[in-house]
Amino acid sequence: MSVDFASAANSRTSMTRDLTIRRMAVGWQHPVTRAVDAVGLLEFDGTQHRFRYLRRASRVSGFRPFIGFARLDGVYESEALFPLFAQRAMSPRRPDYSQYLRSLDLDDTASTWEQIARTEGRLAGDTIHLVPEPTVGPDGSTAGCFLVAGIRHRMPDQDRRDAILGSLQPGSKLFLRDEPDNPVNPRAILVSQYEKIDIGWVPNMLVEYVHKVRNSGDCRIQVRHVNGAESPVHMRLLAEIRGKVMPGYEAFSGSGWETY
């Protein structure tokens, strides 16, 4: 089934993957376990937005379809970004709009899409997480940004948390460390300072991608942007990863990423 929020007459049933198409993984956080599972893909080709559920969404414990996207087998299309996601960006009419964009390491030309990609589209008390797909060049060179997850959980003491994050600056080197005994995901990857001071985790939806980059032998991770204690904890640290993967590799593809 295809649902076009802009015009049913202009509904499209296929989209050619090319360099103009951008994607975000849409995740859902279980309210009790706090585990985040990928349940959908949000795409934008410069003209049209598309949302589709992953086939695995029907097997995610406790998950129910999002409001406005009732059918798991639906293909939802719109020229405008769907309200469920658009509401996660700040209005440019807000007096603190420019300051907010600076906290995201963006400027005043940033689009709604760029805003929600940078913030994970998270709202207070919400269960939706958005993670932008890393870029992969023709030669396999790759880059991506992500908010370091679980900072409050890993560093519950606020004074210690503020001291460690306050010591970081853009360009500061970060380290990655496997956590095979993680009770939620045995392939979890910790983000650390000086190889020993654990700050948080790679977002669950990017874990397999980061493993691929690390396995290539060419993986570099550093601080892209750091915010002060006045910012929400989940927005304190933006990391940037660069490296190599096999040419043609796509982060959100393969087993577990099949859509309806």
Side-chain angles (χ1 to χ4, degrees), residues 1-15 20-94 97 100-101 103-104 106 110-134 144-147 149 203-206 232 234-235 251-252 256-260:
M1 183 187 80
S2 178
V3 179
D4 188 336
F5 283 74
S7 170
N10 292 328
S11 177
R12 300 188 303 171
T13 58
S14 63
M15 179 182 292
T20 67
I21 292 175
R22 291 173 284 178
R23 300 197 298 173
M24 290 189 223
V26 180
W28 178 77
Q29 185 173 38
H30 194 286
V32 177
T33 67
R34 311 303 293 170
V36 178
D37 286 286
V39 295
L41 286 174
L42 179 64
E43 300 176 317
F44 179 54
D45 65 0
T47 302
Q48 195 88 343
H49 299 84
R50 168 181 286 191
F51 174 76
R52 291 176 291 176
Y53 286 106
L54 302 178
R55 291 185 177 274
R56 70 187 309 273
S58 63
R59 304 189 298 275
V60 173
S61 176
F63 176 70
R64 297 292 181 271
F66 300 132
I67 295 174
F69 304 90
R71 292 188 53 135
L72 288 178
D73 61 351
V75 180
Y76 303 87
E77 295 181 320
S78 174
E79 290 184 8
L81 183 59
F82 309 105
L84 178 67
F85 304 114
Q87 67 178 338
R88 298 165 190 280
M90 180 179 283
S91 168
R93 294 188 293 273
R94 285 271 298 266
Y97 180 68
Y100 174 71
L101 290 181
S103 75
L104 305 178
L106 297 172
S111 66
T112 297
W113 180 274
E114 290 171 309
Q115 280 192 56
I116 65 174
R118 189 56 58 86
T119 65
E120 295 184 350
R122 292 172 63 179
L123 299 174
D126 194 36
T127 58
I128 293 177
H129 291 229
L130 304 172
V131 174
E133 183 177 36
C145 291
F146 62 87
L147 291 169
N204 196 46
M205 291 182 285
L206 283 177
H234 81 274
M235 288 178 54
F252 304 146
W257 292 98
E258 300 91 346
T259 58
Y260 282 98

Residues Arg118 and Leu104: closest non-hydrogen pair is NH1-O, 2.6 Å

What's the spacing between Gln115 CD and Met90 CE if we round to 0.5 Å? 7.5 Å

When you compare the side chain of Phe252 with that of Leu206, does any pair of heavy atoms fall below 4.5 Å? yes

Of all the heavy-atom pairs spanning Leu54 and Gly256, show the shortest one and how long it is. CD1-O, 3.7 Å

Please name the pair of heavy atoms, one in Leu72 and one in Tyr260, separated by the smallest distance, quoted to 0.1 Å. O-CD1, 2.9 Å

4.5 Å side-chain heavy-atom contact, Arg50 and Leu41: no

Heavy-atom pair with the smallest gap, counting every atom of Met24 and Ile116: CE-CG1, 3.6 Å

Spacing of CH2 belonging to Trp28 relative to OG belonging to Ser61, to within rounding of 0.5 Å: 7.0 Å

When rounded to the nearest 0.5 angstrom, what distance separates CZ in Arg122 from NE2 in His234? 4.5 Å

Would you say Pro203 and His129 make side-chain contact, with heavy atoms under 4.5 Å? no

Is His49 reaching over with its side chain to a backbone N or O of Glu77, donor-acceptor style, under 3.5 angstrom? no

Can you confirm whether Arg88 sits close enough to Ile128 that some side-chain heavy atom of one is under 4.5 Å from a side-chain heavy atom of the other? yes

Main-chain N/O of Thr259 paired to Arg55 side chain as donor or acceptor, under 3.5 Å: yes

Considering residues, nucleotides and ligands other than Leu123, do more than 12 of their heavy atoms fall under 6.0 Å from its CG? yes

Interatomic distance, OG1@Thr127 vs CZ@Arg64, rounded to 0.5 Å, equals 12.5 Å

Give the minimum heavy-atom separation between Gly121 and Asp126, together with the two atoms involved. O-OD2, 4.4 Å

Measure the spacing between CG of Leu42 and CD of Glu133 and express it to the nearest 0.5 Å. 11.5 Å

Between Phe69 and Leu84, is any pair of side-chain heavy atoms under 4.5 Å apart? yes

Measuring from Trp113:CH2 to Arg22:CZ, what's the distance to the nearest 0.5 Å? 7.0 Å

Please answer whether the main-chain N or O of Ala38 pairs with a side-chain N or O of Arg56 as donor and acceptor at a distance below 3.5 Å. yes

Checking Glu43 side chain against Arg23 main chain: does a donor-acceptor pair fall under 3.5 Å? no

Check Glu114 against Ala110 and note the closest heavy-atom contact, atom names and distance. OE1-CA, 3.1 Å

Are the aromatic ring centres of Phe82 and Tyr76 under 6.0 angstrom apart? no

